[in-house]
Protein chains: 6
Amino acid sequence: VMNMNRYETGKALLNRLHGGHAGEGIVNALGDIAPDMVSMIIEWGFGEIMNHTALDLKTRELCIIASLVTQGDTQPQLRAHIEAALNVDTPREAIVETILQTAIYAGFPRAVNAMLFAKQVFADIDQKA
Amino acid sequence: VMNMNRYETGKALLNRLHGGHAGEGIVNALGDIAPDMVSMIIEWGFGEIMNHTALDLKTRELCIIASLVTQGDTQPQLRAHIEAALNVDTPREAIVETILQTAIYAGFPRAVNAMLFAKQVFADIDQKA
Amino acid sequence: VMNMNRYETGKALLNRLHGGHAGEGIVNALGDIAPDMVSMIIEWGFGEIMNHTALDLKTRELCIIASLVTQGDTQPQLRAHIEAALNVDTPREAIVETILQTAIYAGFPRAVNAMLFAKQVFADIDQKA
Amino acid sequence: VMNMNRYETGKALLNRLHGGHAGEGIVNALGDIAPDMVSMIIEWGFGEIMNHTALDLKTRELCIIASLVTQGDTQPQLRAHIEAALNVDTPREAIVETILQTAIYAGFPRAVNAMLFAKQVFADIDQKA
Amino acid sequence: VMNMNRYETGKALLNRLHGGHAGEGIVNALGDIAPDMVSMIIEWGFGEIMNHTALDLKTRELCIIASLVTQGDTQPQLRAHIEAALNVDTPREAIVETILQTAIYAGFPRAVNAMLFAKQVFADIDQKA
Amino acid sequence: VMNMNRYETGKALLNRLHGGHAGEGIVNALGDIAPDMVSMIIEWGFGEIMNHTALDLKTRELCIIASLVTQGDTQPQLRAHIEAALNVDTPREAIVETILQTAIYAGFPRAVNAMLFAKQVFADIDQKA
C-alpha cells in the first residue's frame with residue numbers, strides 16, 4: 001500500500017540529496033528483489049523523517065555520517081551520505097571533522113578507514129568535475 | 001607528560017559543556033584508577049578535537065549523540081552529551097530528532113531506548129530547575 | 001501524516017503480539033516525547049512489515065530474537081519479543097534453542113546473558129499465571 | 001581430542017547444508033592454519049547445536065541469517081547460510097523477508113547491503129543452474 | 001553426549017580461574033534452562049580452547065578482557081574475567097592498561113565504562129579481603 | 001600544537017612496530033586530509049599509550065588483535081597489528097590462538113574471517129622473504 005503524498009515528497013528529496021548517484025543507485029538495485037523496501041526508504045526515510053524540520057539537512061547528514069562511521073561495514077551508505085552532505089553545501093572540512101570526532105567515540109580504526117574512504121570520495125568527485 | 005596549554009583549554013571547555021554534571025563526574029571518578037585516561041580525555045578530547053572550529057558545538061554534540069545511540073550500552077556518556085548539547089543551547093527538539101533519525105540507520109531498539117532515556121534526562125533537568 | 005489503514009492493522013497486530021505488556025508499554029511511553037516514532041512503529045513495523053505473509057509470526061519473532069541477542073543492550077525489546085513469541089504459541093524450547101544457536105554466531109557472552117534473561121522472563125510469566 | 005560420533009554427524013550435516021559450496025570451502029581453508037577450529041565447527045556447530053531438534057533447519061538458517069545481517073562484515077557466512085537455507089527448501093521470499101525484517105531492528109544500511117548481496121547470491125545460483 | 005575427559009579438564013580450569021565467583025555462578029544459573037550450553041562452555045571453552053598452551057593464561061585473560069570491553073554490554077563476563085586474570089596473578093596495572101589501550105581501538109565510552117567497572121570489581125575484592 | 005617529545009617517541013615506536021608496512025602507510029595516507037589525526041595517532045597512540053610499560057608489546061599487540069577481530073571491518077588495522085606482533089617476535093601460534101580464543105567471545109564468523117585473513121598475511125610475508 002503506497003502513500004503517494006509521502007512518496008512524491010520523498011522522491012523529490014532523494015533526488016535533491018542523492019540525484020544520479022549512489023543513494024538512488026542503491027534504491028533502484030533493490031527494486032526487483034524487495035520493492036517494499038524501496039517504498040519504505042522513499043516514503044519513510046525521505047518522505048517522512050528526513051523531511052522533518054527540527055534539524056537542517058546539513059546537520060542531519062553529518063549525524064548520519066557519524067552513525068555510519070560508528071557502525072562500520074557501510075561503505076555504500078557512507079559514499080551516498082558524503083555526497084548528500086556536499087549536495088546541501090556542507091563544507092568538506094565539516095565532514096572531515098565529523099569523522100575525526102567519531103574517532104574518540106567509536107575508536108580510531110572505524111574513523112581512520114572512514115577518513116581514507118572520504119578522501120577517495122572527494123577525489124572521485126574532483127575527477128568528474 | 002602533561003601539555004598545560006591543551007589541558008587548560010580542555011578543562012575550560014569541559015566545564016562549559018559538562019560543568020557540575022555527568023561528564024565531569026566520569027572524569028573525576030577515573031582519576032585514581034587511570035589518571036592518564038583523564039589527561040587524555042581533557043587534553044585530547046576537549047583541549048584538542050572538541051576545540052576545533054570546523055564544526056560548531058551544537059552540531060558536534062548532535063553527532064556525538066548519533067554515535068553513542070548507534071553503539072548502545074553508553075548511558076553515562078549519552079546523559080553527559082544530552083546535557084552538554086542543552087548547555088550550548090541546542091533545542092530539545094533537535095536532540096529528539098537526532099535520536100529519531102538514528103532509528104533508520106542503527107535500528108529501532110537502539111533509538112527507542114535512547115529516546116526513553118532522553119525523556120528521563122529531560123525530566124531530571126526539569127525537576128532540578 | 002497518518003495512514004489509518006496501516007495504523008489500524010498495526011494496532012491490532014501490536015495488541016495480539018504484545019497486548020498489555022512490554023511492547024505496548026514502550027510505545028505508550030514514547031508518545032509524548034516522539035509521537036512520530038510511535039506512528040512509525042505501529043504503521044511501518046506492525047502494520048506493514050510484520051503483517052507480510054512470507055514468514056509466519058513464530059519464525060519472524062525468532063529471527064527478531066536472534067537479531068536482538070546479537071546486538072546486545074536491548075533488554076526491553078528482548079522481553080517484548082520473547083513474550084510475543086509465546087503469544088503466538090512458540091514453544092519455550094524454540095526460544096532457548098534460538099538463543100543457544102546465536103552463541104556460535106555472536107559469541108557466548110551475548111547468548112549467555114540473553115539466556116539468563118529469558119529464564120527471568122519465563123519465571124515472571126509463571127509467577128503471574 | 002576428536003569426538004568421532006559428533007564429528008561424523010556434523011560432517012554429514014555440513015555436507016547436506018553446504019555441500020560443495022562456501023561453508024565447506026571456509027572449513028577446508030581453515031584446516032592448515034587452525035585445525036582445532038575446524039573440528040570445533042564440525043563437532044560443535046554442526047554435530048551438536050545444528051543437530052538439535054527444537055528448531056527445524058529452515059527456521060535455524062533464517063535465525064542465523066538475521067544474526068549475520070545484524071553483525072555486518074560477514075559476507076562469506078551470509079553466502080554460506082543463504083545457500084544452506086535454500087538447500088533445505090527455504091523459499092527465496094522467506095530469506096528476502098528475513099532480511100527486510102532485520103532493517104527495523106538492525107537498521108537499513110545492514111539490511112540494504114545484505115539484500116543486494118542476497119540478490120547476487122541468487123543470481124550466481126541461477127547462472128550455475 | 002558428554003566428553004568426560006574434556007569436561008573434567010574444563011571443570012578444573014573453571015574452578016582455578018573462577019572458583020566460587022561470577023564465572024561459576026553464570027554456569028550454574030544456566031544449568032536448568034540450557035544444560036547443553038553449560039557442557040559446551042565447560043568442555044569447549046575451558047576443557048579445550050582455554051587449555052591450549054600457545055598462550056599463557058594471563059595473556060589469554062587480557063585478550064578476553066579486550067574483546068569484552070570492545071563489545072560492550074558484557075558486565076557479568078567482564079567481572080568474571082577480571083577476577084580470573086587476578087586469580088592467575090595478573091597485576092591490576094596490566095588490567096587497567098589493557099582497558100586503557102582499548103580506548104584507542106574501541107572508543108572512549110566503552111573503555112571509560114569498563115575502567116569504572118574494573119575499579120568497582122577491585123573495590124569489591126578489597127572489601128572481601 | 002605538536003608535542004615534540006611525544007611525537008619523536010611515537011614515531012620511533014611506529015617505525016619499530018610497523019616500519020615500511022601497513023601501519024605507516026595508513027598514517028601517511030591520512031596526512032593530507034586529516035593532519036591532526038596523524039599527530040594524534042603518533043603522539044597519543046604510539047608516543048603515550050603504546051609506550052606505557054604496564055604491558056609488554058607482545059601482550060599489547062595480542063589485545064589489540066582481539067579488539068580488532070571483535071569489531072569486524074578492520075582489515076587494514078588487523079594486517080598492521082599482525083605485522084607489528086611479528087615484528088616484536090610474537091610467535092604465529094600466539095596470533096592464531098588469540099583469534100581462535102576470540103571465537104568464543106565474539107562469535108565464529110568474526111574469528112573465522114580473521115583467521116583466514118591472518119593466513120593470507122602470513123603467506124604475504126613468506127612470499128616477500
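Lettering of chains follows the sequences in order, A, B, ..., and the numbering in each one begins at 1. On a predicted model such as this, the values are computed, not experimentally measured, just so you know.
- With hydrogens and angles left out, the side-chain atoms of Gln77(B) and Asn113(E) include a donor and acceptor closer than 3.5 Å.
- Distance alone, capped at 3.5 Å, is enough to place a donor-acceptor pair between the Arg110(E) side chain and the Gln71(B) backbone.
- Heavy atoms of Ile95(E) lying under 4.5 Å from chain B are absent altogether.
- With a threshold of 4.5 angstrom between heavy atoms, Leu68(B) approaches chain E through side-chain atoms but not through N, CA, C or O.
- Ranked by heavy-atom pairs under 4.5 Å with chain E, the list Leu78(B), Leu30(B), Ile33(B) is led by Ile33(B).
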Test Met37(B) against Val96(E) for side-chain contact (heavy atoms from CB on, under 4.5 Å), laying out the working first.
CA-CA 10 Å; Met37(B) 202 170 201; Val96(E) 166; over 6 Å; no
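- Taking NZ from Lys119(E) and CG from Asp32(B), the interatomic distance works out to 4.0 Å, rounded to the nearest 0.5 Å.
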